[in-house]
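These notes are about the structure you will find just below.
Because only heavy atoms are used, hydrogens play no part in the values below, and waters and symmetry mates are left out as well, while side chains stay in. Protein chains get the first letters and strands the later ones, always in sequence-line order, with residue 1 at the start of each.
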Amino acid sequence: MKLIKSVRNENKSLKIEPDYSELAEDIFNFYSINKNVFDKTENKQKWIVEYSQPNTHKAFHIGHFRNVVTGDFIVRIARKFGIDVVPANYIGDIGTHVLKALLGWELAGKPKPPSIEEDPDLDLSRWLGEYYSQWAQRESASKEKFIKEAWDVKDLINENSNFEIDEKFKKFRKNKFLISKILKKSNDGFFESENFKSLNESAINWKKNLDLQNEIAERWKNKDSELVKDWKETKKWCMDAFEKIYRLLDVDFEKIYYESDVEEDAIRISNKLVNKNLAEKEGGSVLVDFKKEPYNSKKLDVLPLLRSDGLPLYSAKDLALAKLKQNQYKTDKSFYVVGAPQSFYFKQIFKILEQYEELSELIHIGYEMVDLPEGKMSSRSGNIVAFSELWQEAKKFAKSKSNQKISNKDLDKVITGALKHLMFSRDFNKKISFKWEEVLSNEGKTGSYLQYAAVRCKRVIEKSGIQPDLKFEKIKMNENEKAVIFNIFTIQNELKRSFENISPTPLLESLHRLSKAFSNFYHSSPIINEDPKTEMFRVNLTYCTLKTLEEALKIFGISIPSRM
RNA sequence: GCGCCUGUAGCUCAACUGGCAGAGCGUCGGGCUUCGAACCCGAAGGUUGCAGGUUCGAAUCCUGCCGGGCGUGCCA
């Protein structure tokens, strides 16, 4: 097969002229035997990809959405290359945030959520997340008030002691330092005086909130039957809400892990690490000091595993989960799709795991955050865009732009295409600053553009009334036809790049180039044509474009509607 | 302080092992009696944060600065 027709020197650079007949024939043949555009390579590897990891009792927001589509992309592209992939989810169903949500919900009188009949678009994770947010705001407001006042009287507390704080210190560290000073002083009645009256009140107020939290934590520890019952019920609400979203997005998990499942193992493993001198006790807590043997890594600093009250932290649970996953699936590679800010944490975790287990290769896929224009999202402050809200707004918009005859199923495909495309439109290590204008846009480099090109392919083929036979007959091609052929041809290489770099960008960009080339061809060269030979060739070419777009978009979890 | 990420057109982003800096949006000008105008064509728009170095050749590699973001022991 010779794909290069000529090479010539033009303007100081090499001009390579491909043999487009050869290329076209190749591409036609490829589709005629009903294969994909892409070689399905043999691969005996087995991977596990952990992603999504939503917390129950909190709203599922656009940050979680970016995570889901990222993980789903890795799963799909790996499968394209013949890898056996286990998509796994890890649900944060316990922890302080859950207790905070339950507390907020209790204080509101344990309201029941509205029924589906009352509100068909109801997102229970968002509904319950409101109670989390209410409580968290109340608690943090009381804390902030206390800290602010503590700073106001800092110099009075200071007296003669050295209160020099490195100005480079992060604020929360300064705060901790200050609070510890205050606690020390408060023991000897130092704060009884008039100067500290207001501070005292704030402290009492804050303490009251902490007591409420401690109380519910105590009930949790003692497995208070009422609380456990409420927990199970509210957890189910959230899981149902997540399931609904996964169905909408067409993502499937082979395995769902729960944090509550690994809690006991986490404690056991932490103690085992202490016995092996891989971790140490400090009071009631257990921590790993990487500065010491056998790690000898000053940079990795310290990682706590158990809290001083003996409860396991996320770190200990991740250690337990890693072992569980390996026992169950014996994979070659294990991916963690978790936000980029956790990359330091995963370095620590992987370092520990290397020390005591024969595990698969561990890979952290970090993706950057989705921020709002006014700053970082925070479910604590309620400053978020919930996924359900995003979906509903996108739906309204898509409906207003669509053909009247569009089915609900097609409408969902258009929305999914638009939203997923937005998440893939930047590489993983780039932040997305969320803007409604960008969601509510269907022009230019959007998911709609790609879908539109494909829908148009479908329609023209239909209209022509011709069955593509994918037999290549030599024909003189115009520049626009050549461009389409070239772009279909190069997509295989872009797919490979996307896979090797685990990055959506190369493939997505190439799909835009193909769609652009097709639109150009479409406008310049009538497909339905009086010359039968030309018509057949163009219909075949259109068919190959459609198939290429269809197969490639599947990797992004985007499908083609029949009309839009 | 230390670590990670980041800086490319007015804005949002591309650029595979170093090889002619490209798209979309926005702006300006054109194109629907013809296969779906969610489209297409054309134009304007660049000292790739700064300064050095390596190289025939640097957005890309090295060094040093500057700006932005995040992380840095009991939240996940």
Side-chain angles (χ1 to χ4, degrees), chain A residues 11-14 53 55 58 90 92 95-97 100 166-170 172-173 176 259 282-289 298-309 311-318 338-345 347-348 366 368-369 371 376 380 398 401-403 414 418 425-427 429-433 435 437-438 441-453 455-464 493-494 496-498 500-501 503 505-506 508-509 512-513 515-516 518-529 535 538-539 542 563-564:
Chain A
N11 294 336
K12 286 184 284 183
S13 63
L14 287 181
Q53 308 115 325
N55 286 329
K58 270 183 177 179
Y90 179 41
T96 48
H97 79 272
K100 283 183 184 183
D166 182 352
E167 283 305 314
K168 291 275 157 56
F169 255 35
K170 275 285 183 103
F172 75 88
R173 287 208 175 176
K176 267 189 185 171
E259 254 187 86
E282 192 181 276
S285 68
V286 168
L287 53 83
V288 176
D289 190 342
K298 205 178 164 194
K299 280 181 187 169
L300 287 180
D301 206 23
V302 172
L303 178 70
L305 299 179
L306 300 185
R307 303 198 315 202
S308 21
D309 61 5
L311 285 176
L313 288 158
Y314 53 97
S315 48
K317 290 181 233 177
D318 262 328
V338 181
Q342 264 93 291
S343 62
F344 179 71
Y345 163 72
K347 274 184 195 153
Q348 295 178 313
E368 267 299 345
M369 301 289 96
D371 291 343
K376 217 180 156 184
R380 171 173 301 200
K401 293 285 176 187
S402 291
N403 190 315
V414 173
S425 65
R426 269 136 241 191
D427 234 320
N429 57 353
K430 288 274 195 338
K431 266 189 310 199
I432 296 179
S433 180
K435 293 189 193 82
E437 309 93 85
E438 212 175 341
S441 154
N442 62 338
E443 285 166 17
K445 224 169 188 172
T446 60
S448 299
Y449 181 83
L450 301 176
Q451 286 176 323
Y452 187 78
V455 168
R456 211 153 51 172
C457 290
K458 273 191 193 176
R459 288 285 171 210
V460 181
I461 295 170
E462 258 176 44
K463 197 124 189 175
S464 74
N493 187 46
E494 302 302 311
K496 203 163 155 241
R497 274 179 60 204
S498 269
E500 280 163 1
N501 302 330
S503 157
T505 308
L508 195 63
E509 289 281 322
H512 278 286
R513 284 195 298 270
S515 297
K516 182 88 183 170
F518 177 78
S519 290
N520 198 336
F521 156 66
Y522 175 91
H523 277 277
S524 66
S525 321
I527 293 165
I528 296 172
N529 202 287
E535 184 171 70
R538 288 183 179 167
V539 168
T542 303
R563 69 176 81 229
M564 57 194 286

Taking only side-chain nitrogens and oxygens of [X], does any of them come within less than 4.0 Å of OP1 or OP2 of [N]?
X        : N     : answer
A:Arg538 : B:C35 : no
A:Tyr452 : B:A38 : yes
A:Asn493 : B:C16 : no
A:Asn520 : B:C41 : yes
A:Lys376 : B:G71 : yes
A:Lys516 : B:C40 : yes
A:Tyr522 : B:C32 : no
A:Arg513 : B:A14 : no

Identify whether the distance between the nearest side-chain nitrogen and carboxylate oxygen of A:Arg426 and A:Glu438 falls below 4.0 Å.
yes
Roughly how many Å is it from [atom1] in [X] to [atom2] in [N], rounded to a whole number?
X        : N     : atom1 : atom2 : result
A:Leu450 : B:C39 : CG    : C1'   : 13 Å
A:Asn442 : B:C39 : CG    : P     : 7 Å
A:His512 : B:C40 : NE2   : C1'   : 16 Å
A:Lys431 : B:U12 : NZ    : C1'   : 14 Å
A:Lys298 : B:C2  : NZ    : C1'   : 9 Å
A:Tyr314 : B:C74 : OH    : C1'   : 8 Å

Taking the [atom1] atom in each of [N] and [M], what is the distance between them to the nearest angstrom?
N     : M     : atom1 : answer
B:G22 : B:G45 : C1'   : 13 Å
B:G10 : B:G36 : P     : 39 Å
B:A23 : B:C70 : P     : 34 Å
B:U55 : B:U17 : C1'   : 16 Å
B:C32 : B:C41 : C1'   : 14 Å
B:A58 : B:C62 : C1'   : 12 Å
B:G67 : B:U8  : C1'   : 15 Å

Assign [X] to base, sugar-phosphate, or nothing according to its heavy-atom contacts below 4.0 angstrom with the strands shown.
X        : answer
A:Pro526 : base
A:Tyr449 : sugar-phosphate
A:Arg459 : base
A:Glu500 : nothing

Nucleotide paired to [N] in any strand shown, Watson-Crick or G-U, under 3.5 Å:
N     : answer
B:A38 : none
B:U63 : B:A51
B:G57 : none
B:U72 : B:G1

Atom pairs under 3.5 Å: protein N/O with N/O of nucleotides 8-11 of chain B:
none

From C-beta outward on A:Ser343, which listed nucleotide comes closest to its side chain: B:C4, B:A76, B:G24?
B:C4
Heavy-atom donor-acceptor pair, A:Ser441 side chain to A:Glu437 backbone, under 3.5 Å
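No: the side chain of A:Ser441 does not pair with the backbone of A:Glu437.
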Distance-only, no hydrogens or angles: does the A:Asp309 side chain make a donor-acceptor pair with backbone N or O of A:Leu311 under 3.5 Å?
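Pair found, side chain donor or acceptor close to backbone of A:Leu311.
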Compute the centroid of each ring, for A:Tyr452 and then for A:Tyr449, and state whether the two points are separated by less than 6.0 Å.
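That pair fails the under 6.0 Å test.
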Could you point out which residue of A:Thr542, A:Ile528, A:Asn529 forms a side chain to side chain contact (heavy atoms under 4.5 Å, CB included) with A:Ser464?
A:Ile528
